[in-house]
Amino acid sequence: MPSSPLESIATRAFSRRRFLVGSVLGVAGTTLLAGCSPTGTTASGGKGGTLTYVDPEIPTSAQVQESGTWQTRDLIQNLTDRLVNRNPTTFELEPWIAESWTRSDDGRDYVFVIRDGVTYSDGSPLDVENVKRNLEWQVTGDTKNGVSANSQFPRAIAVDVDAATRQVHVHLDTPYAPFLNVLTSWSAGLVANATIAAPHDEQVKYTRLIGSGPFRVTSEDYAQKYVLERRADYAWAPASARNQGEARLERIVWVPTEDDAVRLGAVTSGQAGILRYVEPREETALARQGYTIVAKTGVGLSNQWFLRTTTPPLDDPDVRRALFHAIDRKQILTEIYTPNWHAATSVLAPHTFGYKDVSAAFAYDPDQAESLLTTAGWTGRDADGYRTRGGTRLHLKTYIDVYDNTANALFQNVQAQFKDVGIELELNRLDYASYWGKAFADPEVGFLRVGWPHPDPTVGLIEYYSKDGSDLLGLKGSDTTLQRLLDDQLLAVDDAERAALLEQTQDYLVTEKAYVLPILDDSQVFVARPGVSGLELSDGALPLFSGVSVSA
Amino acid sequence: MLSLGYMLRRALQSIAVMAIVYALTFLALFVLPGDPIENKISNPVNPLPQATADGLRAYYSTDQPAIVQFVLYLARLLHGDLGYSLTNGKSVAALVGQALAQTITLAALALAFTVLFALGIALVATFARSRLVRELARAVPVLSISAPSFLVGYVLIAVFSFRLGWVSSITDQGFVSLILPAVTLAFASSGSLAQVLIQGLSSARSQPFVTVLTAKGVAPSGIVVRHVLKNGAIPSMTLLALIVGDLLAGSVIVETVFNRTGLGYFTYTSVRDQDTPTIEAIVLLISAIYLSINLVTDLAYAAIDPRIALAAGGPRRGSARRRAEVPA
C-alpha cells in the first residue's frame, strides 16, 4: 500500500488513527452487544443480500494486463475466469474454463478443451475463437492501443482452434515450463471480444471489463463506489469452489476507504461487512469480539531483501551471512504482528511449486553474526557501539518499503537488531511515485524489499534475479551458475526436473551465496463482521466473494 | 464603478497568469525524476520487454522532448482535451469534473457554515451584555484555529456515524453526507474570520456615526445589522475570499477522513503519482478559481462600499475612507 510524498500528512494520518481506534472498538462491542443488524449487509436467509466491502485502495486500471495492484487483482479475480485454476487448498492445478488439457513431451504444444456453454456477461460466448484472441492479445499486447503484452506469458505463440471439438492448440517455438501456471494468474483473466476491441480509455473502466466471472460491475463511480452484481446464470466454477452455482450475494458495494480507522469503524459499526487490511495489533481484539479474521499467504515469492553484492560491505559474503543471522523474526512477529503472519522460510512461499525450506541458513544466531563480522575484519567499535574496520563504520543504507503498511515498524525493528551486533542501518523514505526510480537507482543502497505472490515461481525469480529480468543483484550474468539455474527452469517441462531446479535455486540464492535474505511471508488479512460468512481466499490470497453470504 | 476596460484587462491578466502557471508546472514536473509510465516500465516486479516499453512511451508521448510534449499538451488543451491520466488511463476531464462536483457542493455548504459560525461568534463576542459570555465567545476562534481538522472530523464521525448511525462514514448519501465534512471545514476556517470580524465590529461600533444613529432613535438591532455590520465586515472580505479559494481547492485531510474524492484528494494523489496530465488540469482549474475569486472580491468591494473605485491596479479607496462615516 502506498505511502505518500506528503510525509507529514501520512505520518499524522498514521498516528492520529490511534485516536479513533478506541472509539471504533468501543462501538464494535456496543453494536454487537445490542445485537444491531448491520447496515453494511442486507440479507435474506443466506442467499441474496448486499455486502458492503471496504478496501484500503482505489482500484487502478481495469485493463487486465495492467492489473498489478492488490485492489485491482481483488476485483478482477471476481469478474473474470481463467483457463486453469489453482486449488486454493491443495494448491494443485485443476480445470476451469479449460475442462482438460494435454502437453506434448517436448513442452512445445498444448491442447486445451474449452468448456461448453460458458458466456460473458454481455451474452457473448466464451468459445475457442475468443480464447485464441485472448491468448494472442496477452502475448502481443496492442501497442497502438496502449495495451502492453503480459510479461508473464511466453514471448511468441501460434494458436489454432477446432470449433467442432472445442479444442485450442497452442504451439510454442521454445518450451515455456511456466505456461500452465501463468494461465492461473489474475492478469490472465479471459475477457469478451468487445473488451479487447475497446479503446484503451474504455478498457480501463470496470464497467467495460466484460468477464465470465460470478460478478459483473454494473456501475463505477471512480474512487467512490463500484457496484458488483451477480450473474444469475453462472454455472462454471472450478471444482474446488464450495459454491458451484451463482454467487450467494446479490450485490457487492465495493467502497475504497483509505483511512484505516474509518475503514475499521465502518465494519465495527455495521456500515460495511468485510474489510481488507487491519493493523496487526487490532486483529486480536477483533477476533475476541467475534469478528472473523481471514488471512492467507499466497503462492509465489516471500517478502525478501535482495543484497547487492556490488555495494560494499555486502560484496563480502561473511557480512551478508552476518545479516542473515542478526534478525530475530520471532521477536518481530511477537512485537509487531499476530499469528496470522509468518516468518519466511525461503525466497518462495510455502505451497508454491518447488518450494524448499532453507530457513536453517538464516536462523537467528547473534553470536554467529558477531563471529562472521569479526572474521570479515570488522573488529573495532566506535563510541556509538558500531563495528569499524580501518576507521570506517559498518554502515548499510536502505529505503523503507512503500508497499507494506507494516514496513515502518518492521524496518525499525531490524535496525535495532542490527545495532545489537554492531551494524548501522540507515533508513530512508521515499514517496510512492519515485520509489522504483530513486531507491533502485541509488548505488549506495545495500538492499531493498521485493517479493509478492506470483502465479509462477520461475517467472518471479527470473523477473528479479536474471540478467534478462531486472537483475536486482547487479550480477549482469557474471554468476553463470545462477543464470543457468534460472534459464534451465524455463525449459524444464518435466515437473520433477523443474522442482529440483527450483530447490537448487533456493539453496543457491540463500544458503550457498547469501544473495537474498527472506524476511516474512506476505499475508493478506480480511475482517468479516459476525453474520458474514463464507469468505475464502484464492491461491494468490485474493478474496473469493462467490461463496460469501450474509445473515440478518 | 465597473468599466468594461477594467474587466477586459483583468480577464487578460488572468489568462496570462494561468498560462505562466501552466508552463511552470509542466517544467517542474518534467525535471522531476520518474512518472507512472517509466515506473511501469522499470518496475522490477514486472519488467516489460523493450518493444512494449517503447510502444508505451510512444503512446503516451513520453519519448518526446519536453518542448514537443508541451506543445502537444497545449494543442490538446486548446481543443478542450485534457488528455488521459497516466495512472489509471481515464479521461482527465471526467476525473477532474467528478472531483470538482464533489468539491463545489461541499465548499458551498462549508462556506455557508463558515459565515454563519463566524458571524454568530463575532456578534456574541462584540455585543453580548455579559462580559463572561463575550470573553467565552472570543475564546472560540482560538480553539477552532488550533484544533486539527482530522481530530474534529474523527470526533464527528465517531459520534454521528459510528455511535448514532445518522450518516454513513464511507458512502455518499447526498446532502446529509456533506454536513459533517462541511462542519469540520467551517470550524477550522471560521476562527480567523471571526477574529477579523470581531475587530471590525469593535472598531465600527466606536465610530461617531453610531452615536449619531443612537441619538436619532434608531433601534440598536438596526444599527448593528444595517450599519455596524456593513462597515465592520469590509476588512473580512479579503479573508473570506481566501477561505473560498481554500475551500474550492479542497482539503486532503478532511476529504480522506470523510472518504470523499474532491479536488484536494485528487491534487494529493496526482502529485503523489506524478500524473502530469491530471496535475496540469488541476493546477489550471485551481488557478482559475483563485483568479476568479480575486476578481469577484474586488468587484464586491466596490459593491459594498461605493467609495472604493476600481482602477487598473485593483480596488482603491477614495478620500472618504479617511473621513468619519456619517450615514444619510
Side-chain angles (χ1 to χ4, degrees), chain A residues 2 4-6 9 12-13 16 19-20 23-24 27 30 39 52 54 58 60-61 63 66 68 141 143-144 146 148-149 151 155 200-201 203-205 222-225 253 255 257-259 261-263 265-266 268-272 431-434 436-438 440 450 452 463-464 469-470 472, chain B residues 32-36 38-40 42-49 51-56 58-60 84-85 87-91 94-95 98 102 148 150-151 154-155 157-159 161-163 165 168-172 252-253 256-261 265-266 268-269 271-275:
Chain A
S4 93
L6 308 174
I9 291 172
R12 281 161 63 186
R16 75 187 190 226
F19 163 77
L20 198 57
S23 314
V24 159
V27 170
T30 311
T39 54
T52 299
V54 280
I58 294 172
T60 49
S61 171
Q63 208 287 317
E66 296 172 359
T143 308
K144 284 181 184 169
S148 52
S151 60
R155 294 288 176 259
H200 181 264
D201 61 309
Q203 287 188 31
V204 300
K205 297 175 183 170
Y222 176 69
Q224 288 282 299
K225 190 170 71 174
V253 180
V255 183
T257 306
E258 287 201 18
D259 192 294
V262 174
R263 198 169 59 255
T268 55
S269 64
Q271 295 173 26
D431 60 81
Y432 189 58
S434 54
W436 292 135
K438 284 185 185 167
F440 284 77
V450 288
W452 289 272
E463 284 173 352
Y464 291 173
S470 297
L472 295 176
Chain B
L32 284 173
D35 63 57
E38 280 311 309
N39 283 344
K40 186 191 290 185
S42 61
N43 183 342
V45 179
N46 190 23
L48 295 179
T52 306
D54 292 344
L56 278 181
Y59 181 80
Y60 288 99
Y84 296 99
S85 162
T87 311
N88 54 46
K90 291 178 185 292
S91 152
L95 290 174
Q98 180 191 325
Q102 285 240 345
F150 75 82
L151 183 69
Y154 274 164
V155 169
I157 285 183
V159 174
S161 181
F162 296 161
R163 182 73 61 176
S168 169
S169 62
I170 50 171
T171 52
D172 192 346
V252 181
I253 301 281
T256 303
V257 169
F258 288 97
N259 214 32
R260 299 182 66 82
T261 48
Y265 183 81
F266 264 93
Y268 158 64
T269 52
V271 169
R272 181 189 71 185
D273 301 335
Q274 285 179 237
D275 189 351

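Labels below follow one simple rule: chain letters A, B, ... track the order of the sequence lines, proteins then strands, and each chain is numbered from 1.
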Q. How many angstroms lie between atom CZ of B/R260 and atom CD of A/Q224, to the nearest 0.5 angstrom?
A. 7.0 Å

Q | Per-residue contact mode, B/F266 against chain A (heavy atom under 4.5 angstrom) | A | side chain

**Q.** Residue selection (most heavy-atom pairs with chain A, distance under 4.5 Å) from B/N259, B/V159, B/D172
**A.** B/N259

**Q.** Contact class of A/K205 relative to chain B, heavy atoms under 4.5 angstrom
**A.** both

Q. Given that the side chain runs from C-beta out, which part of B/S161 has a heavy atom under 4.5 Å from chain A: side chain, backbone, both or neither?
A. both

Q: Check the pair A/T268 / B/F162 against side chain to side chain contact (heavy atoms under 4.5 Å, CB included), numbers first and verdict last.
A: CA-CA 8 Å; A/T268 55; B/F162 296 161; 5.9 Å; no

**Q.** B/I170 side chain reached by A/V262 side chain, heavy atoms, under 4.5 Å
**A.** yes

Q: Would you indicate whether the side-chain heavy atoms of B/F150 and A/D259 approach each other to under 4.5 Å?
A: no

Q. Of the listed residues (A/I58, A/T60, A/V54, A/D201), which shares the most heavy-atom pairs with chain B below a 4.5 Å separation?
A. A/D201

(Q) For A/L472, is there any backbone N or O sitting under 3.5 Å from a side-chain donor or acceptor partner on A/S470? (A) no

**Q.** Top contributor to chain B interface from A/S61, A/G141, A/G146 [non-hydrogen pairs under 4.5 Å]
**A.** A/G146

Q.
Please classify the contact of B/S91 with chain A as side chain, backbone, both or neither, using a heavy-atom distance under 4.5 Å.
A. neither

Q: Hey, could you give me the OH/OG1 distance between B/Y265 and B/T256, rounded to the nearest 0.5 Å?
A: 6.5 Å

Q | Atom group of A/Q203 that falls short of 4.5 Å from chain B, counting heavy atoms | A | neither

